[in-house]
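Comments concern the structure below.
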Protein chains: 2
Amino acid sequence: MVVSVDAFAVLAEPTRRRILERLCRTESSVGDLVDALGMSQPAVSKHLKVLREAGFVSYRTAAQQRIYRINVRPLQAVDDWLTPYRRLWTEHLDALERHLDSQE
Amino acid sequence: MVVSVDAFAVLAEPTRRRILERLCRTESSVGDLVDALGMSQPAVSKHLKVLREAGFVSYRTAAQQRIYRINVRPLQAVDDWLTPYRRLWTEHLDALERHLDSQE
DNA sequence: TGGCCATATTCCTTGACAGGCATATGCCTG
DNA sequence: CAGGCATATGCCTGTCAAGGAATATGGCCA
């Protein structure tokens, strides 16, 4: 799993996010995704390759099919990236709560 | 504030993330950012424009300077986007905890 | 093994975007 | 109001990624 690929660049592609949204709910073969996305099979395979190399998905083989599933690691990385920013709104919220408390 | 611009596409650019990381800690003028990033002033201004139009930053005017500050809304949107995925690891964690509990 | 099915890869074209340089705009001060 | 400082915009070029069509790979079954 190549980790050097930038998670945000991978997520910048709407189609790839749609793939993740689907795989979040259920595993899917490539054909399933092609049907769900209404896109050509090569296009889907190429997006899956990008997702794979960034660690977002992996697959198991079932006969001639490849069943793709989602991986959490890169998504956790995004979650971690948000950490320093979250205080921006939680602190604002705290300040607001204090303000409201002082009003009653 | 144009909200149609895709937050992930904006964050896909490493330089823009660096700008946000800095603005998370402190407001900065364009000149401050140019110094901090070691990049040409036009390049920085262009990134700021993208960030502005996506709602990530706004500015106030101080004499000839524009003091940029971070906005939380688009970051909250990313945080929200993660919501359905977070259960993937929290549930795994819960399952692990249950397993460990059953072992003792 | 030959042919078929599911998926991957290659080639090609097109469009978007980043950065540098030059230049325009806007605002302040003497 | 002239000159200068801070920032924005336009133009140009190189890079890169997405999608389509054609084709290659690899596993399954008769």
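The chains referred to below are lettered A, B, ... by the order of the sequence lines, with proteins before strands, and numbering in each begins at 1.
- Taking every side-chain heavy atom of A:Arg52 into account, C:dA8 is the closest of C:dC5, D:dC5, C:dA8.
- Checking the phosphate oxygens (OP1, OP2) of C:dA6, no side-chain nitrogen or oxygen of A:Tyr68 falls inside 4.0 Å.
- Residue-level contact check: A:Ser45 touches the bases, meaning some heavy atom is under 4.0 Å from a base atom.
- Between the C1' atom of C:dT9 and the CG atom of A:Leu48 lies a distance of 14 Å, rounded to the nearest Å.
- For A:His47, no side-chain nitrogen or oxygen approaches OP1 or OP2 of D:dA17 to under 4.0 Å.
- Between the side chain of B:Gln41 and the base of D:dA6, no donor-acceptor pair of N or O atoms lies under 3.5 Å.
- Computed from coordinates, the A:Leu51 CG to C:dT7 P distance equals 16 Å when rounded to whole Å.
- With 3.5 Å as the limit, one finds no donor-acceptor pair spanning the side chains of A:Arg52 and A:Tyr59.
- Summarising the geometry of A:Tyr68 relative to A:Val30, their closest heavy-atom pair is CE1-CG2, 3.6 Å, with the distance given to 0.1 Å.
- Remark: C1' of D:dA6 and CZ of B:Arg60 are 15 Å apart, rounded to the nearest angstrom.
- Closest to the side chain of A:Arg66, out of C:dG20, C:dT7, D:dA18, is C:dT7.
- Salt-bridge check for B:Asp79 with B:Arg86: passed, with a basic side-chain N closer than 4.0 Å to an acidic carboxylate O.
- Residue B:Lys46 is the one, among B:Lys46 and A:Ser40, whose nearest nucleotide of DNA chain D lies closer to the 5' end (criterion: closest heavy atom).
- Nucleotide C:dA8 has D:dT23 as its partner under the Watson-Crick or G-U criteria, with both atom distances under 3.5 Å.
- The minimum heavy-atom distance between A:Val78 and A:Ala7, with the atom names listed, is CG2-CB, 4.3 Å.
- Between the CG atom of B:Leu33 and the C1' atom of D:dA8 there is a distance of 15 Å, given to the nearest Å.
- A straight line from CG of A:Leu11 to C1' of D:dA17 spans 16 Å, rounded to a whole angstrom.
- In terms of heavy-atom proximity, B:Ala36 sits nearest to B:Arg22 at CB-NH1, 3.5 Å.
- Distances were taken from every side-chain heavy atom of B:Ala43 (C-beta onward) to each of C:dG20, C:dA8, C:dG26; the shortest belongs to C:dG20.
- Nearer to the 5' terminus of DNA chain C, by closest-nucleotide assignment, is the contact made by A:Tyr59 (compared with the other of A:Tyr59 and B:Pro42).
- Taking atom CG of residue A:Leu37 and atom P of nucleotide D:dG20, one finds them 12 Å apart after rounding to whole Å.
- Two residues, A:Val50 and B:Ile67, neighbour DNA chain D, and the one matched to the more 5' nucleotide by heavy-atom proximity is B:Ile67.
- Candidate nucleotides D:dA8, C:dG26, D:dG19 were compared by shortest atom distance to the side chain of A:Thr15, and D:dG19 ranks first.
- Summarising the geometry, atom CD belonging to B:Glu13 is positioned 12.5 Å from atom CZ belonging to A:Phe8; distances are rounded to the nearest 0.5 Å.
- Nucleic acid contact class of A:Gln65 (heavy atoms, under 4.0 Å, all strands): sugar-phosphate only.
- Backbone-only contact: B:Lys49 has heavy atoms under 4.0 Å from sugar-phosphate atoms and none from a base.
- Residue contacts shown for A:Thr61 are absent, as no nucleic acid heavy atom lies under 4.0 Å away.
- Distances were taken from every side-chain heavy atom of B:Glu13 (C-beta onward) to each of C:dT7, C:dC5, C:dA18; the shortest belongs to C:dA18.
- In the set C:dG19, C:dC28, C:dT7, C:dC28 carries the atom at the smallest distance from any side-chain atom of B:Ala63.
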